[in-house]
Structure formats: C-alpha cells, structure tokens
Amino acid sequence: MSENHAAHVTRPEILHAPSNDAAGFAVTAAPLGFWAKVYANGTVRKSVLLVLLAAAWEIYARVLNNSLVFPTFSSTVGALFEGIGTGAIPRAGAYTLSLLLKGYVTGLVFAALLTAFASVSRIGADLLETLTAMFNPLPSIALLPLALIWFGLGDGSVIFVLVHAVLWAVALNTFAGFRTLSPTLRMVGQNYGLTSFGYIVRILIPGAFPSILTGLKVGWAFAWRTLIAAELVFGVSSGSGGLGWYIFENKNQLRIPEVFAGLLTVILFGLFVENVIFRTIEQRTVRRWGMQH
Amino acid sequence: MVSPSAPSSGTSHAIAPLLSVKGVTLQYRTGEQMVTATYRVSFDVLKSDRFVLLGPSGCGKSTLLKAIGGYLQPVEGEMLLAGAKIGKPGPDRAFVFQEFDQLLPWKTVRDNIVFALTASGKLDKRNAIERSLHFIDKVGLAKFAGSFPHTLSGGMKQRVAIARAMAMEPQILLMDEPFAALDALTRGKMQDDLLQLWEDTKFTVLFVTHSIPEAIRIGNRILLLTPHPGRTKAEINSAGTDTLGADGELTSARIQRLLFERTGSIADV
C-alpha cells in the first residue's frame, strides 16, 4: 500500500483546445437502418401479428372443414363485404353506435355531476365511494330485466344499462385522479385566485387527465360490451336492429359466416376507437405534456 | 457577481412595514397529533427587503411561509400585509415552491405565465402574452417560450416559476426553498440571477432556506428560527457576503453559534 503511494507520480495537466470536430463517433444522431425503423413502428408490428392470426384462423378452419362451427377467415371476410354491400352491417352498426353514444354521453354527464359533488364536499366523496363500491361490481347486463320493467322495450332500457356501465368506471377514475393531484399544483391554483368551478376546470381536470382518460377508455369498453349483450338479449323482441341483433338473427338462420362477420365488425370498431381515437387524444394531450410515456 | 446594496433596515419605527407578523403561533394536524410549527413568531418585512427565514428542518419556516401565503390560519397572533389582515391565498402574494411540478405540465412556458395573469384577472389575454414574453426574456428563457415544462431542466423550471411569480407583480414574493432541489453549480448561478433581477425592480421577497451561505448571499435581513417548535432566535443583517462583524466573527459562524448554542439535546437538531 505504501509502495503504491510512493509510486504516485506527478502527471502533467491536460488542457484541450476547443474544437468542433464531429467526425466519426462524435456524430450524435445516426439514422436507423431500414429494418430497425420498420420494427420500431408499432403499427407495423401489430399488423404483422394480425396477419399471422388471420392466417392461423384460415388454416385451422380449413383443417376443421365445418363452416357451421368455425367458418374460414376468407368466408367471414366475404360475408362482411357482402353485409356492407347490402347495407345490413352499416345500418346495424350505425344504429348500435348511435345508441352507444347516447348512453356514453349521458353516463359521462352523470359521472361529471357525481365527481364534482364528490370533489367539493366530504359527504359527496362518501356517496361516490359507497355507490361505486355497491354498483361497480354489478354487471350492467344484470340490470336489463329490471330496466325492461321500468322503461319498457326500447332504447330507454338500453341507455339505462349503458349509463350504469359507464358511470362508475369514469367517476371512480376521475375522482382517483383528482385525489392524486400534487398538492403543489393545488396550491398554485389557489395562489392565482382560482376557486370552485375555475379551479376544477383549469387545475383539477387537466391535472387528472391521465386518470380521466383511463376512465373514459374503460367506460367505453364496458359500454360496448354491455350494448352488444343487451341487443343479443332483447334485440329480437323489439325488432330494432343493431349489431347484436344482426349476430343473433344470423345465428338463428345458421348463417355462421355472417355471425362471424358481425363479431368482426364489433372487433374492428373496438380497434378503431382504441387505436385511432383514444390514441390520438393521448398523443395530443398527456404524451405531449409529458404526463404519460 | 452582483453585490446588492442593502436597503436601509433597522428603521422599522420610521417606515410602516409591508408585511407584519405579530406573535404568530401555527399548528397543524398529523394523523392524531397536533404539531406546533411555530410559537409566537414576530417580524416585520419592509418594502424592497430580501427577508430570509433561516433555520434547520422542523423550525416551521415553510409552514410560516404557507401561512403568509394564506394556506394556513394561525391559531394565535396576526399577519398584516400592507395593513390588511391576510386571508385566503391570493395573487398579491405570489408563491415560488421548491418542487419542480409547480408548473402546469399541460401548458407551455409562456402559457404557464399567461395562465397566472389571466386566471387571477390581472390582465386580458393579449396583454398577458406580452408581459409573459417580457418576463421569460428576463429570466433568459426566450428560446423556450413554446416548450412544455417536462422538456426543461430543473433550473429552467425554477426560472419559469420565478418569472411567473414576478410577472404577477405581487406585493411580496414568497419563495419556499426554490433552489434546494438544484445542483450546487446551478444554485449559485440562480442566486446571482435572482439578485440581478432584484436590482432591476427592487421587489420585496420573503425567502425560506436552510442553507446559511444562501441566506447570507440572498438576504439583507435574516430571521433565525430554532426548531420544535419554531421560535425566533435572532434577526440579523447581512451584507451579501460572509464578512467579519465588529466582534471579529464571520457572519456564518455567528449564525451557526446563534442557531446551535443551546441547552437542547441532539434530538432537537
């Protein structure tokens, strides 16, 4: 040890003259190769997965060779295009979607009222927590028989169960977002004189937006599922034709490729809403703000 | 380096104080306990003072600042700003916090300042934009006016927060350890810049810190608080640098002695 110390030599200091040579490894941004770029693109990766799944479907259905149980991918796509051609699927889809939007928006309004009440008073918070604990685990579709008694056959009953599907998920997530907002941001809002409504709109909602967005997504998924189920259950009796009814009716007539085409439409809607609409909102808001990565 | 000239202090009898804190006791609840943060603290801040609250953690200096900000009501004593009792939080006492997340992440640098000016009803949007750009330029961030806070460094975020508070042109600027979370190099630069800004407009600032060098550098008047609960130990003047006093003692050594010469046990520190 002491030898090491003794061997310690005085080294000269080194001073670099300023230079801007950026050759070779000093280049900070090198372009990615073609395949690296392709692989980095999420859309491409997911599309490849979808193609592989479709191929597996096609092969399995051909091996099974029973179109009553499991039609091929190609016949399903054929039925889908046929349905689009005759206007049956667009009509059913538009009907379902309009009903869905009515229920979704009504649910959001109730959720906003409930959350606003919860965020200004303690008793409101208790009410929200109690109601959510009671009703959130209750599958919306289980309320349909009751809704039919209350509202009769028709849109009213469906909208009622849709509101139930959306309300709790959105209210719960929004309120959780409000609660986790940083105390510093709250104090900043108060410092600049914001109270009640202005405070909620200008501080709480944007600050809790990642949670709110999660609530909107979950609410959307719940509503979509509930609606298809509700249509399957009572679309026939009311005779009004949404996508669930389209599936149900074709099943009754043993037109299984059409059933699959209906299901595929439901899936495509879901993919579109998730990957286009919600993705765009995310990119324009929480990602841009650095609140979500 | 800026060497700020100390405004005339020690003449509090002649000039009415801008902020007057009289016998303020503050308590807050943690779970099941009531904690006394400060006990009968009194001091006066004059216009254009750079008044520093200095003390170790637990001396209630941040709580005191929050009470002046209006976030907490004293259980005893009173606080007057320009003769009026301090009530709710308001834009006449612009706050700069220690935390970097005090900027609204959903607004750009410019819009953070515009927001403060319009939300408080101080200016309309057009004038607010104009003033915000002026203050962004003042803190040297003109290039970043359109950036979102998450793309800035910690020091830059604090600059924006200072610009936002200053753009409000408040009666008093309340700064709660604004540089504590910065690295030492950035902190020194920020201190110099703050003093430079003060030279421009001679704003009144109440500055909380637990760093003795920072207190000496920033303040022209330093209130020393001892912990558990916070009580006033001394109120001294600072010349901006660590100088020898009449008794041949460095200001920093004197502060150190005043804060820690005491009967208390180690647990008090």
Side-chain angles (χ1 to χ4, degrees), chain A residues 28-29 112 115-116 119-122 125 173-174 176-217 278-293, chain B residues 62 65-72 87-109 111-123 128 146-152 157-158 160-161 164-165 167-168 170 172-178 181:
Chain A
T28 45
T115 318
S119 58
V120 293
S121 75
R122 191 158 200 166
N173 277 290
T174 306
F178 286 180
R179 282 209 161 157
T180 50
L181 190 72
S182 103
T184 316
L185 276 186
R186 291 172 187 276
M187 290 203 280
V188 167
Q190 290 166 3
N191 194 190
Y192 296 116
L194 289 178
T195 49
S196 59
F197 187 69
Y199 177 70
I200 292 177
V201 172
R202 300 185 74 165
I203 300 286
L204 280 184
I205 291 182
F209 206 67
S211 304
I212 295 177
L213 208 54
T214 307
L216 291 177
K217 277 175 166 178
F278 280 119
R279 180 66 55 85
T280 311
I281 295 176
E282 254 174 28
Q283 252 150 15
R284 298 231 171 133
T285 57
V286 288
R287 278 175 197 248
R288 186 150 170 255
W289 304 335
M291 294 168 88
Q292 190 179 303
H293 309 284
Chain B
S62 279
L65 199 70
K66 292 207 166 79
I68 294 163
Y71 298 109
L72 190 75
K88 288 197 171 98
D92 55 341
R93 287 150 284 145
F95 224 107
V96 178
F97 299 90
Q98 177 184 340
E99 294 83 7
F100 294 155
D101 68 354
Q102 65 188 295
L103 301 180
L104 312 179
W106 56 92
K107 288 190 183 290
T108 61
V109 166
D111 288 347
N112 257 284
I113 301 174
V114 171
F115 154 81
L117 291 166
T118 53
S120 59
K122 202 133 189 139
L123 290 178
S147 304
F148 281 95
H150 73 104
T151 62
L152 306 179
K157 285 181 196 166
Q158 294 310 79
V160 179
R164 181 171 70 183
M168 296 300 293
I172 188 166
L173 209 57
L174 306 176
M175 304 182 104
D176 188 5
E177 306 196 35

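In this text, all values refer to a predicted model and were calculated from it rather than measured experimentally. Order of the sequence lines sets the chain letters (A, B, ...), proteins ahead of strands, with each chain counted from 1.
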*With a 4.5 Å cut-off on heavy-atom pairs, point out which of B:Leu117, B:Leu104, B:Asp101, B:Thr151 contacts chain A the most.*
B:Asp101
_Are the side chains of B:Arg164 and A:Asn191 in contact, using a 4.5 Å heavy-atom criterion?_
no
*Under a 4.5 Å heavy-atom cut-off, does chain A meet the side chain of B:Lys66, its backbone, both or neither?*
side chain
*Quick one: of A:Gly193, A:Pro206, A:Gly189, who has the most non-hydrogen atom pairs under 4.5 Å with chain B?*
A:Pro206
*A:Leu194 versus B:Phe115: any side-chain heavy-atom pair under 4.5 Å?*
yes
*Under 4.5 Å heavy-atom distance to chain A, tell me which part of B:Leu103 shows up: side chain, backbone, both or neither.*
backbone
_Max heavy-atom pair count under 4.5 Å with chain B, selected residue of A:Val286, A:Val188, A:Thr285, A:Thr195_ = A:Val188
_Region of A:Met187 that comes under 4.5 Å of a non-hydrogen atom in chain B_ = both
*Heavy-atom contact with chain A under 4.5 Å, split by part of B:Phe95*: both
*asked:* Below 4.5 Å, heavy-atom pairs only: which of B:Ala116, B:Ser120, B:Gly70, B:Pro91 has the largest tally toward chain A?
replied: B:Ala116
*How many angstroms lie between OH in A:Tyr192 and OG1 in B:Thr118, if you round to the nearest 0.5 Å?*
11.5 Å
_Quick check for you: to the nearest 0.5 Å, what is the distance between A:Arg288 atom CZ and B:Phe148 atom CZ?_
3.5 Å
*Is the count of non-hydrogen atoms from other residues, nucleotides or ligands lying under 6.0 Å from A:Arg287 atom CZ greater than 12?*
yes
